[in-house]
Amino acid sequence: MTIYTTQVDKNGKTLYYRVTDGKKKNISRTEYEANQPAEVEAITVEQTVIDTALFESASTAEVVETVAATEATREQGEVETVAFDFVKSVIESTGSQYVNKMYLQNSKKCALINYRNCMVCSLVFDKENTVTAIRFMGATIETRKKASMFDFVGLDSLSEYKDAIVKQVEFIDWWYQNPKSKAVRTA
């Protein structure tokens, strides 16, 4: 039996899979669409995890644990993506010509939102991989290595940090415009 399914990765990109006899293989979108009837909706991530676990004859506890971990990872990815999009919109509103030089960098303890290879802010995770704080570095030469941590209540609280984001972007742009300040980096 062959099942066609989709999954959303941590960056929000949809991945397409074919599951045959419990083995999952990455496929193209066209192959996925060609084998999906119009009246059948795409299988969700949770269904895929359960189906795969059943093929591998896993215990119920393992299936529940895997589904919970998948859900937590997806929620974390959504928070990171929304935060990244918010920071990007703030930078676009400043009129920066370098808004395309933004990227999201993930690690075990935080997710860095970078602009022109410098950190604008980072989302700090706890042991359960939920975002608990947002961190900004200083926006002057003297305070550039001093971090300021703020509680992260939810995505609605991001607008409170708009001024801090703008200050970081202005400092990063200034840093790139003043080559002599780069010599201070090693100090």
Side-chain angles (χ1 to χ4, degrees), residues 5-17 29 41-49 66-178 181-182 184-185:
T5 183
T6 63
Q7 201 170 3
V8 178
D9 68 2
K10 63 183 175 185
N11 295 324
K13 182 179 176 187
T14 304
L15 303 174
Y16 302 93
Y17 294 101
R29 179 179 178 181
E41 292 184 22
I43 298 172
T44 63
V45 174
E46 292 81 10
Q47 291 170 331
T48 303
V49 171
T66 305
V67 169
T70 302
E71 185 67 25
T73 302
R74 189 174 73 200
E75 286 176 9
Q76 174 187 338
E78 289 172 0
V79 169
E80 292 170 7
T81 304
V82 170
F84 178 78
D85 290 341
F86 177 78
V87 172
K88 188 172 185 175
S89 70
V90 169
I91 293 174
E92 284 175 345
S93 71
T94 64
S96 174
Q97 62 186 13
Y98 301 106
V99 73
N100 61 343
K101 297 200 181 243
M102 286 190 63
Y103 60 94
L104 183 65
Q105 182 180 359
N106 291 312
S107 69
K108 290 181 182 180
K109 295 183 180 181
C110 67
L112 300 172
I113 299 175
N114 295 312
Y115 166 75
R116 296 180 80 179
N117 292 329
C118 296
M119 181 185 87
V120 174
C121 63
S122 66
L123 305 172
V124 182
F125 307 136
D126 63 4
K127 291 181 181 177
E128 289 83 33
N129 275 346
T130 56
V131 179
T132 57
I134 187 166
R135 178 176 39 214
F136 293 96
M137 298 306 282
T140 64
I141 290 288
E142 296 80 25
T143 62
R144 74 184 188 284
K145 293 185 180 181
K146 295 179 183 175
S148 300
M149 296 269 279
F150 302 99
D151 290 334
F152 186 82
V153 180
L155 292 172
D156 297 335
S157 67
L158 279 175
S159 59
E160 296 174 18
Y161 306 115
K162 185 176 180 180
D163 292 337
I165 293 168
V166 170
K167 284 181 185 177
Q168 287 294 319
V169 170
E170 289 172 350
F171 178 68
I172 293 168
D173 285 339
W174 176 85
W175 189 266
Y176 272 88
Q177 291 173 355
N178 295 295
S181 64
K182 293 179 183 179
V184 180
R185 284 186 185 181

Scanning both residues in full, the closest heavy-atom pair of A111 with L104 reads CB-CD1, 4.3 Å
Evaluate the ring planes of W174 and F171, with Trp represented by its six-membered ring, and classify them as parallel (under 30°), tilted (30 to 60°) or perpendicular (over 60°). parallel
When you compare the side chain of T6 with that of Y16, does any pair of heavy atoms fall below 4.5 Å? yes
Could you measure the distance from the OG atom of S122 to the CE atom of M149? Nearest 0.5 Å is fine. 7.0 Å
Gap separating the NZ atom of K109 from the NZ atom of K127, nearest 0.5 angstrom: 10.0 Å
Could you tell me if the side chain of F150 sits less than 4.5 Å from the side chain of S157, heavy atoms only? no
Measure across V120 and F136 and return the closest heavy-atom pair with its distance rounded to 0.1 Å. O-CD2, 3.4 Å
How long is the gap from SG on C118 to CG on L112, to the nearest 0.5 Å? 11.5 Å
If you compare all heavy atoms of N106 against all heavy atoms of E80, which two are closest, and at what distance to 0.1 Å? OD1-OE1, 2.9 Å
In terms of heavy-atom contacts, R135 and M119 come closest through O-CE, 4.1 Å
Say you draw a straight line from CZ of F84 to SG of C121; how long is it, rounded to the nearest 0.5 Å? 10.5 Å
Can a donor-acceptor pair be found, under 3.5 Å and without considering hydrogens, that links the side chain of N11 to the backbone of K13? no
Mind checking whether F125 and T130 have side chains closer than 4.5 Å, heavy atoms only? no
Shortest non-hydrogen separation from S159 to F86 and the atoms involved: CA-CZ, 3.6 Å
Any side-chain heavy atom of L158 sitting closer than 4.5 Å to one from I134? yes
Which pairs would a plain distance check flag for residues 160-167, meaning a side-chain donor or acceptor within less than 3.5 Å of a matching protein atom at least two apart in sequence or in another chain?
residue, atom, partner, partner atom, Å
Y161, OH, D151, O, 2.8

What distance separates R144 CZ from I172 CD1, expressed to the nearest 0.5 Å? 13.0 Å
Any heavy-atom pair between the side chains of D173 and R116 that's under 4.5 Å? yes
When you measure from the side chain of T140 to the backbone N and O of T143, does any donor-acceptor pair fall under 3.5 Å? yes
Would you please test Y103 and N117 for side-chain contact (heavy atoms from CB on, under 4.5 Å) and show each step? CA-CA 8 Å; Y103 60 94; N117 292 329; 3.3 Å; yes
